Trainee: 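Before I ask anything, let me first share the structure, which is written out below as structure tokens.
Because the structure is a prediction, the values reported are computed rather than measured.
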Amino acid sequence: MTEFDRELKSRLEEIRSQGLHRVLRRVDSPQGARIEFDGRTFLNFSSNDYLGLANEPAIKEAAMEAVKRWGAGSGASRLICGSLFPHQELDETIANFKGTEAAISFSSGYATAIGTICALIGKEDVLVLDKLVHASIVDAARLSGAKLRIFAHNDLNDLEEILKAETKVQSPGRSLLVVTESIFSMDGDRAALKEIVELKEQSGAWLMVDEAHATGLYGSNRRGLIEEAGVSGQVEVQMGTLGKALGSAGGFVCGSRALIDYLINRARTFLFSTAPAPTAAAAATAAVRFVASDQGKARCEGLWERVSDLSAVLKIQKPASPILPVILGEESRALNAAERLREQGIFVAAIRYPTVARGKARLRVTVTAAHSPEDVQAAGAALAKLVQESDELDKSDRSDKAEISSK
Ligand SMILES: *Cc1c(COP(=O)(O)O)cnc(C)c1O
């Protein structure tokens, strides 16, 4: 063994000893309400394919047409000669769907966050983040070099105080950017967008909202929580991903024409990366159109019915999103719980550090429109039993109580 491999093995050992080691699971089926791995079929309550579009015939068809017409690869970055018809069509379709002047797509949501935040702010500026924002935003914050201020999760008082302090010391030319998710990825709760908009307007800050888990699911046109909150005109930077409810791949920003023109010139993850495969862009365009259509409306209504079904089985308040975290605390407890469910043919991923804080390991249950009422009934019953048993085992240790968090 080389010195290099020995060093890495010892680091892996350390990860393993903390219950944090992860391996890839090879899935032998398309994404859906049921998936196959290890030679078995599981009811899948782990995907972000909220509307069941990842394997939707019309969207697959669009991808197949695109590969025939436009080829397998884009051959260059968008700004050289890789900005093919399907990419431009996607950008226009997103802007149209979101009701903004313009939009620009990226190869992933991760690349979107990094490219956008680092283009908008730098060392002289201040970035204000909710404590629970996604890793892509945290990484962007570090890379930007901006002064970083974190407010307690969904805590408007804390945000207000930070904004007041930063406004007072604000020198001309210094930018202040607030970033939050609209629906939080691992907790499934929502940000108070109206109130956040008010606070940022008072302080002259800009606001960027990551709608990764809200696009397609909220608002009368299913644009997202920004639409539902009625603040579309007041959010400078709307971000989203194409890989979740939209069932394809990529990320995007939409907003004013000036914002998009600026990002095309300054977002390094856009400039220095080959344009996504034409198939990905075409699939995403078809997905956005699907979501905007009456079919999309019906699919979305179906999803919310399944969410209601699950909360009824679990006897909890209807959650704010299709994401239901079952907080278990210790890493090993989450792993054991996930294994118990797999034994019953139900797949729910155990989420551990670094995706969530240490000691906040959880099962993250996600409901999709592809589930039947019976699927939800089965998963709900298994979960309820698991939580009950877990509570009985832990009567002595209230701090580590299993908790189905419905906010
Ligand atoms: C998944 C996610 C991203 C990253 O999007 P990808 O397209 O998967 O790279 C960004 N922000 C949030 C909140 C997410 O959940």
Side-chain angles (χ1 to χ4, degrees), residues 16 18-50 52 54 185-188 213 244 303 306-319 321-353 355-395 397 400-407:
R16 224 175 253 119
Q18 296 172 29
L20 298 174
H21 189 251
R22 298 162 78 167
V23 292
L24 290 173
R25 184 175 276 120
R26 193 191 74 203
V27 176
D28 296 316
S29 66
Q31 195 56 250
R34 281 169 182 70
I35 50 171
E36 291 169 32
F37 55 85
D38 296 343
R40 284 184 65 194
T41 301
F42 295 85
L43 257 179
N44 179 19
F45 279 85
S46 285
S47 89
N48 299 315
D49 182 23
Y50 301 116
S185 61
M186 294 299 138
D187 289 76
H213 298 273
K244 286 164 184 160
L303 167 66
R306 294 296 83 75
V307 172
S308 292
D309 292 347
L310 183 65
S311 56
V313 184
L314 293 172
K315 301 190 178 66
I316 56 170
Q317 220 185 312
K318 186 170 173 180
S321 75
I323 305 164
L324 191 71
V326 182
I327 316 263
L328 291 160
E330 233 170 71
E331 281 58 44
S332 62
R333 284 187 77 200
L335 288 174
N336 290 340
E339 196 182 329
R340 290 277 318 280
L341 291 176
R342 277 202 303 281
E343 285 162 10
Q344 299 166 69
I346 297 164
F347 182 61
V348 178
I351 308 282
R352 291 168 280 164
Y353 177 85
T355 309
V356 294
R358 283 181 202 272
K360 291 257 186 203
R362 65 196 63 186
L363 296 176
R364 175 179 180 268
V365 181
T366 49
V367 183
T368 76
H371 290 121
S372 69
E374 294 74 27
D375 295 341
V376 170
Q377 180 70 38
L383 271 173
K385 191 156 159 260
L386 192 91
V387 169
Q388 192 193 359
E389 286 169 4
S390 185
D391 282 353
E392 276 162 17
L393 285 175
D394 286 332
K395 284 244 159 69
D397 182 6
D400 213 19
K401 202 164 155 357
E403 177 196 354
I404 297 184
S405 159
S406 168
K407 289 166 188 157

Trainee: Kindly indicate, with the supporting measurements, whether the criterion side-chain contact (heavy atoms from CB on, under 4.5 Å) is fulfilled by Val326 and Val348.
Mentor: CA-CA 10 Å; Val326 182; Val348 178; over 6 Å; no
Trainee: Step by step, work out the side-chain contact (heavy atoms from CB on, under 4.5 Å) result for Arg364 and Ile323.
Mentor: CA-CA 7 Å; Arg364 175 179 180 268; Ile323 305 164; 3.7 Å; yes
Trainee: So Met186 and Lys360, do their side chains get closer than 4.5 Å, heavy atoms only?
Mentor: no
Trainee: Nearest 0.5 Å, please: how far is CG in Leu310 from CG in Asp375?
Mentor: 11.5 Å
Trainee: So does Ser47 get a backbone contact from the side chain of Thr366, meaning a donor-acceptor N/O pair under 3.5 Å?
Mentor: yes
Trainee: How many angstroms lie between atom CD of Glu331 and atom NE2 of His21, to the nearest 0.5 angstrom?
Mentor: 14.5 Å
Trainee: Does Asp187 come within less than 4.0 Å of Arg362, counting only side-chain N to carboxylate O?
Mentor: yes
Trainee: Establish, from distance only, whether the side-chain atoms of Ser308 and Lys318 form a donor-acceptor pair under 3.5 Å.
Mentor: yes
Trainee: For Ser46 and Ala349, which heavy atoms make the closest approach, and how far apart are they?
Mentor: OG-N, 2.8 Å
Trainee: Verify the neighbour count for atom CZ of Arg26: are there more than 12 heavy atoms of other residues, nucleotides or ligands below 6.0 Å?
Mentor: no
Trainee: Any chance you could measure Arg352, atom CZ, to Leu328, atom CG, to the nearest 0.5 Å?
Mentor: 12.5 Å
Trainee: If you measure from CZ on Arg34 to OG on Ser372, what distance do you get to the nearest 0.5 Å?
Mentor: 6.0 Å
Trainee: Treating Asn44 as the side-chain partner and Ile35 as the backbone partner, does any N or O pair qualify as donor plus acceptor under 3.5 Å?
Mentor: no
Trainee: For Ala334 and Ala361, work out which heavy atoms get closest and say how close.
Mentor: CB-CB, 3.7 Å
Trainee: Please find the pair of heavy atoms, one from Leu314 and one from Gly380, that lie closest to each other, and give the distance.
Mentor: CD2-O, 3.5 Å
Trainee: What distance do Arg342 atom CZ and Phe37 atom CZ have between them, rounded to the nearest 0.5 Å?
Mentor: 6.0 Å
Trainee: Under the 3.5 angstrom rule, does the side chain of Glu36 hit a backbone N or O of Val27 as a donor-acceptor pair?
Mentor: no
Trainee: Say you draw a straight line from NE2 of His213 to CG of Asn48; how long is it, rounded to the nearest 0.5 Å?
Mentor: 5.5 Å
Trainee: Looking only at heavy atoms, what is the nearest atom pair of Ile346 and Ala379, with distance?
Mentor: CD1-CA, 3.9 Å
Trainee: Could you tell me which non-hydrogen atom of Ser311 sits nearest to which non-hydrogen atom of Pro319, and how far apart they are?
Mentor: CB-CD, 3.7 Å
Trainee: Ignoring hydrogens, what is the shortest heavy-atom contact between Tyr50 and Val367? Give both atom names and the distance.
Mentor: CD2-O, 3.8 Å
Trainee: Of Leu383, Ile351, Val387, which is the lone residue that meets side-chain contact (heavy atoms from CB on, under 4.5 Å) with Leu363?
Mentor: Leu383
